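Below you'll find the structure, written out as structure tokens, and then a few comments.
Here is the naming used below: chain letters follow the sequence lines, and residue numbers restart at 1 for every chain. Just so you know, these numbers come straight off a predicted model, no measurement behind them.
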Amino acid sequence: MGSLPNYLTYPFLAKASARLYKRDIATTIHAHIVKSGYESDLFISNSLIHMYGSCREITYARQVFDGMPIRNLVSWNSMLDGHAKCKDMDMAREVFDLMPNNDVVSWSSLIDGYVKSGDYKEALTIFERMRAFGPKANEVTMVSVLCACAHLGTLDNGRMMHQYMIDSGFPLTLVLQTSLVDMYAKCGAIQEASVVFHQVKMSQRDVFIWNAMIGGLAMHGFVNEALELFTEMQTVGITPDDITFLCLLSASAHGGLVKEAWYFFECLIKCSMTPKSEHYACMVDVLQRAGQVEEAYEFVCQMPSGANSFDVGCSAYWVYEPW
DNA sequence: TCTGATGTGC
């Protein structure tokens, strides 16, 4: 009765499966494609490589890639990104060096792979090479580059990248502005982070950029300022998420602010969210640092078993056995 | 009409 899937259907299915991160669904879709005879379609094969790469099934991705009679840049880039997602940067680099040609996506995938693998210096080295010999960077490239600067804490470098973006006439999208706020905050330049944050129109700010700013303030001990922004974001209709509370709880833990921590934990519940193990870990941390060992113990006991994890376990251990 | 890279917490 229903219509059969055609060559336009499968790329969407593969993309959905890639996002779901489910290997069994991925192989099922692949089997359907083989049965329907669409395996030789370039778009469909590319979708399969991407799907397997996203599911971290790089061996299957490679099998599809090797079986293709014709490949294009998307095939190579998907293979490259698959290795990068698996944090196998040696293989990602090999693909990059082997591919017949490359574009901004190839370079961005490589740079982001190094960032996600924690090799921030190499990410910046590749970016310099890209500036010298490669295609023009775009928003996606710069997000990864700013992330590398943030983790290295090299403020001068970060400022240079910001200037480069202005000089190159990059449109400052919300994603880029969030990366800038995060970079300045992590580099300790909370004032510059604040300037970028306030340049974004109130109506355009989403939970990501609010979190970046609140987290930046909290990280540097400006808990009152973080609290003010937390109130403000709710006033303008942005609902805090679990990351927002993690920022605030972590700041309270570092500052030894027990009352504030309880307040944020209660807010979290009031926002009808379920605290995760990380939230519990922050609470245990703040209580035991304040010397409230029994309260911390009680808190751990109340914790639903679903939230139990190594994080909380470690914190709980501190409650019993301070080294 | 279909395919590839990006932002907030540890």
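For S45(A) against S40(A), the heavy-atom pair with the smallest separation is OG-C, 4.4 Å. When all heavy atoms are compared, the tightest approach of A123(A) to V115(A) is CB-CG2, 3.6 Å.
Atom pair M99(A):CE and dA5(B):P shows a separation of 13 Å (rounding to whole Å applied). N46(A) places its CG atom 14 Å from the P atom of dC2(B), with the value rounded to the nearest Å. Atom P of nucleotide dT1(B) and atom CG of L13(A) are separated by 20 Å, given to the nearest angstrom. Put simply, CE on M183(A) is 13 Å from P on dT8(B), counting in whole angstrom units. Summarising the geometry, the separation between CD1 on I33(A) and P on dT3(B) is reported as 13 Å, rounded to the nearest angstrom. A straight line from CH2 of W210(A) to C1' of dT8(B) spans 14 Å, rounded to a whole angstrom. Rounding to whole angstrom units, CE of residue M79(A) and P of dA5(B) are separated by 14 Å. Taking atom CG of N72(A) as the reference point, atom P of dC2(B) lies 14 Å away to the nearest angstrom.
For the pair K116(A) and dG7(B), the criterion of a side-chain N or O lying under 4.0 Å from OP1 or OP2 is met. The phosphate of dC2(B) (OP1 or OP2) has no side-chain N or O of K15(A) nearer than 4.0 angstrom. OP1 or OP2 of dC10(B) sits under 4.0 Å from a side-chain N or O of S250(A). One finds a side-chain N or O of K186(A) lying less than 4.0 angstrom from the OP1 or OP2 phosphate oxygen of dG9(B). Side-chain N/O atoms of H279(A) include none lying less than 4.0 angstrom from OP1 or OP2 on dG9(B).
Residues passing the side chain to side chain donor-acceptor pair (under 3.5 Å) test with T141(A) are S108(A), N138(A), sequence neighbours excluded.
Listed nucleotides dT8(B), dA5(B), dT6(B) differ in distance to S144(A); the shortest reach to its side chain belongs to dT6(B). Picking from dT3(B), dT8(B), dT1(B) the nucleotide with the shortest atom distance to the side chain of L8(A) gives dT1(B).
At a cut-off of 3.5 angstrom, the base of dG7(B) holds no donor-acceptor pair with the side chain of S179(A). For D206(A) and dG7(B), a side-chain-to-base donor-acceptor distance below 3.5 Å is present, hydrogens and geometry of angles not being considered.
The cationic atom of R131(A) (NZ for Lys, CZ for Arg) lies less than 6.0 Å from the six-membered ring centre of Y164(A) and within 45° of the ring axis.
Side-chain N/O atoms of T9(A) and N6(A) include a donor and acceptor closer than 3.5 Å.
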